[in-house]
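See below for the structure under consideration.
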Amino acid sequence: MLSIEKQILFLLTKKRCMHAKELIQIYTKRGYKEQSIRNVLSRMKKEEYIHAEERSLYSLMDKGEQFLSFVNRKPLQYDVDWNRKWYFVHFEVPEPERQRRDLFRMQLMQLGFGQLYKGVYVSPWDYRKQLLSLIHAASMDEYVTISEASILFRDITSERAADIWPLADIHRLYQEKRQWYQNEFVPALDKEIRGAMDPLELFVLYLHVGEVISEISLRDPMLPLALLPDDWMGHRVIAELYRSFQTFATLIPSSSIYYPFLV
């Protein structure tokens with residue numbers, strides 16, 4: 001799932017129904033094209049994350065709410081004590097079903113699993129509830145096995161974790177987002193605070209930092225600190241972004257149409 005899709009799910013948790021025109025107004029201000037927003041909504045409806053109660057009037061479905069709840073909780077894994085158990089997903093899908101296989105693999109990686117061997121994915125966190133939901137939704141029941149185990153030989157160390165998960169790429173992502181935050185986001189926010197503080201402009205900034213958090217949450221497996229490099233900055237950058245995210249409730253007036261999305 002793209003970060004913008006996750007963000008639309010978030011908006012729909014704050015307002016029971018939203019018309020496509022509302023979302024288009026918000027996201028064209030963010031620089032998206034109208035047709036691309038309509039395409040996103042159409043795809044989310046097809047995948048049963050959202051529902052159209054009337055033409056172009058969208059609401060959240062259970063699948064969307066469950067996915068959003070998981071992604072929002074994912075960064076909290078940085079504060080969880082790891083019991084050194086491992087969770088494995090084994091699957092072998094016939095070649096004619098490769099499109100379904102590739103989608104399932106992408107969803108696994110967004111959960112935080114890394115590829116240990118061909119057809120074998122591993123995570124230090126117990127995501128069986130989310131896994132079962134994915135497996136049933138994709139009709140993959142006959143192809144997938146889930147197991148929990150300790151590794152008795154050739155355990156996964158921090159050095160090996162860097163090969164199983166794209167930690168170098170994710171570290172660069174954190175560096176880029178931290179640079180964006182310091183050089184672009186903070187000056188733009190300061191400018192709004194010193195100026196007229198237009199609610200829509202502030203809301204757009206709010207969505208931007210939320211989209212960055214979403215992107216990070218979908219790409220970072222949030223591994224235990226014991227498996228991460230000493231210079232890992234993930235937990236610090238996320239904490240900084242969340243602090244800024246929460247300050248918008250004090251900046252946007254409660255009378256604004258955008259305020260209900262903040263509380």
I want to check something: taking the side chain as every heavy atom from C-beta on, are [X] and [Y] in contact at a cut-off of under 4.5 Å?
X: Pro75; Y: Tyr242; value: yes
X: Ile26; Y: Ile37; value: no
X: Phe10; Y: Lys14; value: yes
X: Gln115; Y: Leu108; value: no
X: Pro124; Y: Trp86; value: yes
X: Ile156; Y: Leu116; value: yes
X: Phe88; Y: Thr145; value: no
X: Leu228; Y: Leu225; value: yes

Legend entry - salt_bridge(Glu92, Lys118) N-O dist < 4.0 Å: no

Inset, instruction - Identify whether the distance between the nearest side-chain nitrogen and carboxylate oxygen of Arg98 and Glu95 falls below 4.0 Å. - result: yes

Inset, instruction - Verify the distance criterion only: is there a donor paired with an acceptor across the side chains of Tyr27 and Gln7 at less than 3.5 Å? - result: yes

Inset, instruction - Determine whether the side chains of Ser69 and Arg73 contain a donor N or O and an acceptor N or O closer than 3.5 Å. - result: yes

Legend entry - Trp180 and His208 aromatic ring geometry - parallel, tilted or perpendicular at 30°/60° bounds: tilted

Legend entry - Geometric class of the Tyr181/Phe185 ring pair [parallel <30°, tilted 30-60°, perpendicular >60°]: parallel

Minimal non-hydrogen separation, [X] against [Y], with atom names:
X: Leu167; Y: Pro229; result: CD1-CD, 4.4 Å
X: Gln66; Y: Ser133; result: OE1-OG, 4.0 Å
X: Leu251; Y: Leu202; result: O-CD1, 3.9 Å
X: Tyr87; Y: Asn83; result: OH-ND2, 4.3 Å
X: Met222; Y: Ser217; result: CE-CA, 3.9 Å
X: Gly210; Y: Phe245; result: CA-CE1, 3.5 Å

Hey, is the main chain of [Y] close enough, under 3.5 Å, to the side chain of [X] for a donor-acceptor pair?
X: Trp165; Y: Ala168; result: no
X: Lys21; Y: Ser56; result: no
X: Arg100; Y: Ser139; result: yes
X: Lys74; Y: Gln110; result: yes

If you count heavy atoms of other groups shown closer than 6.0 angstrom to [atom1] of [X], is the number above 12?
X: Asp231; atom1: CG; result: yes
X: Arg236; atom1: CZ; result: yes
X: Met140; atom1: CE; result: yes
X: Gln35; atom1: CD; result: yes
X: Glu65; atom1: CD; result: no
X: Glu48; atom1: CD; result: no
X: Asp190; atom1: CG; result: yes

Name all residues meeting the salt bridge (charged side-chain N to carboxylate O under 4.0 Å, His left out) criterion together with [X]; count only those two or more places apart in sequence or in a different chain, and write none if there are none.
X: Asp62; value: none
X: Lys15; value: Glu22
X: Lys45; value: none
X: Asp163; value: none

Treating Ile, Leu, Val, Met, Phe, Trp and Tyr as nodes and any side-chain heavy-atom pair under 4.5 angstrom as an edge, say whether [X] and [Y] lie in one connected cluster.
X: Val122; Y: Tyr117; answer: yes
X: Phe67; Y: Met61; answer: no
X: Leu57; Y: Leu23; answer: no

Inset, instruction - Please round to the nearest 0.5 Å and tell me the distance separating atom CD1 of Ile135 and atom CD of Glu142. - result: 12.0 Å

Inset, instruction - Take Lys29 and Glu201 through the salt bridge (charged side-chain N to carboxylate O under 4.0 Å, His left out) test and state the conclusion after the steps. - result: CA-CA 8 Å; Lys29 189 72 174 177; Glu201 293 289 348; 2.9 Å; yes

Legend entry - Partner residues of Phe91 under the ring-ring contact (aromatic ring centres under 6.0 Å, His included) criterion, sequence neighbours left out: Phe104, Tyr121

Legend entry - Selection residues 145-157 - residue pairs positive for salt bridge (charged side-chain N to carboxylate O under 4.0 Å, His left out), sequence neighbours left out: Arg128-Glu148

Legend entry - For Leu262, the option from Ile252, Thr250, Thr247 that meets side chain to side chain contact (heavy atoms under 4.5 Å, CB included): Ile252

